[in-house]
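Below is one structure; the comments refer to it alone.
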Amino acid sequence: MAARRFAAVICELLANPTAAFGVIVIAILLLTALLAPVLASHDPNVVDLGNALGRPSSLHWFGTDELGRDVYSRLVYGSRISLTFIFIVSIIVGPVGLLVGTTAGYFGGWCDTVMMRITDIFLSFPSLILALAFVAALGAGLENAIIAIALTAWPPIARLARAETLTFRGADYIAASRMQGASPLRIIVKSIMPMCLPSVLVRITLSMATVILTAAGLGFLGLGAQPPLPEWGAMMATGRRYMLDNWWLVAFPGGAILLVSLAFNLLGDGLRDVLDPKQK
């Protein structure tokens, strides 16, 4: 049943040209990360100073950087880092935001007030600024950057889950569950969370573009993935010193960030149309 539903959602997404573009780009990203050793033409970390700042050619499709490393191969391996951010942040912020939002919406009162005021504190800061503050406290590095981004990405999901819960908690099936002696935890997990899940999935997908941009921003500032890891934002940071004469050092990583961010936004819009019955 789940497999048929998933196949039906994919078919509906592919029927929408903009959503299909997002699906195709993300599928290419997944395949690129999975087959990186096969697709890369060079070792991404091998230094060849004799070929430093080489222009795009048949040997180096996207040129070489200031240390002679192949830009194309570094982009291919960099897709793994981007997917690491996306995957880990998703599995953290989804459950956390869903639990906080449904709990606040179901219980209401002081519980709702306390949880939502904490959420509002996180929402009052721009995500990149808040991530910078957390990374400054935790220290630079890939793992700390993931934690910092996750800490800034859950509040919008919690807000959405709370709003959805407020529309469900007075429903007859919730009242029937209470009369049958179901505990609040069981009602939240079994009855409310599944109803909130479609909207939360759409929100997580849309948030992935922000996650990618924030990760690239941290890498650009030297607070994300550290050298020699081929992270796209860090590649732009090192290439900006040579960009006037060597445009490929920033054009290709920047294009990859733009393309993947756009794909997640278009996929999120498509999922909203497919999963939200009010859109039909």
Side-chain angles (χ1 to χ4, degrees), residues 22 26 29-30 33 79-106 111-112 114-139 141-166 185 188-189 192-219 223-225 231-233 257 260-272 275-276:
I26 293 170
L29 178 68
L30 290 170
S79 64
R80 290 185 166 186
I81 298 177
S82 296
L83 283 178
T84 299
F85 275 104
I86 292 169
F87 177 74
I88 298 180
V89 170
S90 296
I91 63 176
I92 293 175
V93 303
V96 170
L98 191 59
L99 180 62
V100 171
T102 52
T103 301
Y106 179 78
C111 180
D112 182 26
V114 171
M115 287 187 170
M116 287 302 101
R117 295 300 78 78
I118 295 174
T119 303
D120 289 340
I121 292 173
F122 279 86
L123 287 173
S124 63
F125 295 94
S127 59
L128 180 57
I129 301 301
L130 192 57
L132 285 172
F134 283 124
V135 172
L138 297 172
L142 180 62
E143 297 81 4
N144 291 338
I146 292 173
I147 295 172
I149 295 174
L151 289 173
T152 64
W154 67 267
I157 298 171
R159 272 291 182 185
L160 176 62
R162 174 184 177 271
E164 293 279 333
T165 303
L166 291 177
L185 179 61
I188 291 173
V189 174
I192 295 179
M193 282 187 178
M195 299 298 293
C196 299
L197 197 56
S199 298
V200 169
L201 287 175
V202 172
R203 179 65 206 189
I204 290 175
T205 305
L206 292 171
S207 297
M208 289 305 101
T210 303
V211 169
I212 292 172
L213 292 174
T214 304
L218 292 176
L223 298 174
E231 197 274 324
W232 294 343
I257 294 170
V260 174
S261 300
L262 178 62
F264 274 104
N265 276 326
L266 294 177
L267 177 60
D269 287 339
L271 281 176
R272 181 193 58 199
L275 299 179
D276 188 354

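The chain is numbered in sequence order, starting from 1. For the numbers below, each heavy atom of this structure counts, side chains included, while hydrogens, waters and symmetry mates do not.
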To the nearest 0.5 Å, what is the distance between [atom1] ([X]) and [atom2] ([Y])?
X    : Y    : atom1 : atom2 : answer
I204 : I157 : CD1   : CD1   : 4.5 Å
M193 : T103 : CE    : OG1   : 6.0 Å
L262 : L266 : CG    : CG    : 4.5 Å
L218 : F85  : CG    : CZ    : 7.0 Å
L98  : C196 : CG    : SG    : 6.0 Å
I146 : T84  : CD1   : OG1   : 6.5 Å

- Message: Using modelled atom types and a 3.5 Å cut-off, is there a donor and acceptor pairing between side-chain atoms of R80 and backbone atoms of A33?
- Response: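 Yes, R80 side chain to A33 backbone: donor-acceptor pair under 3.5 Å.
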- Item | Check against side-chain contact (heavy atoms from CB on, under 4.5 Å), D269 and L206 | CA-CA 8 Å; D269 287 339; L206 292 171; 4.0 Å; yes
Testing the basics here: between [X] and [Y], what is the closest heavy-atom pair and its distance to 0.1 Å?
X    : Y    : result
I86  : S90  : O-OG, 2.6 Å
V189 : P194 : O-CD, 3.3 Å
E231 : A216 : OE2-CA, 3.7 Å
T102 : A161 : N-CB, 4.1 Å
A153 : V89  : CB-CG1, 4.4 Å
E164 : S199 : OE2-OG, 3.2 Å

- Applying salt bridge (charged side-chain N to carboxylate O under 4.0 Å, His left out), name anything that partners R162, two or more places apart in sequence or on another chain. D112
- If you look only at pairs with a residue in residues 87-100, which of them pass as a salt bridge (charged side-chain N to carboxylate O under 4.0 Å, His left out), with sequence neighbours excluded?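 Qualifying pairs, neighbours excluded: none.
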Taking only residues two or more places apart in sequence or in another chain, which ones pass side chain to side chain contact (heavy atoms under 4.5 Å, CB included) with [X]?
X    : result
L201 : L197
I91  : F87
I147 : L138, N144, L151

- Test side-chain contact (heavy atoms from CB on, under 4.5 Å) applied to I192 and Y106, step by step: CA-CA 9 Å; I192 295 179; Y106 179 78; 3.5 Å; yes
- Query: Given R159 and D120, is the side-chain contact (heavy atoms from CB on, under 4.5 Å) satisfied, shown in steps?
  - Reply: CA-CA 9 Å; R159 272 291 182 185; D120 289 340; 2.6 Å; yes
- Please step through side-chain contact (heavy atoms from CB on, under 4.5 Å) for the pair T119 and W154, ending with a clear verdict. CA-CA 9 Å; T119 303; W154 67 267; 3.5 Å; yes
- Message: Taking side chain to side chain donor-acceptor pair (under 3.5 Å) as the definition, give me every residue that meets it alongside S79, ordered by chain and number, with sequence neighbours left out.
- Response: none
- Less than 4.5 Å apart, any side-chain heavy atom of W232 and any of V260?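 Yes, their side chains come closer than 4.5 Å.
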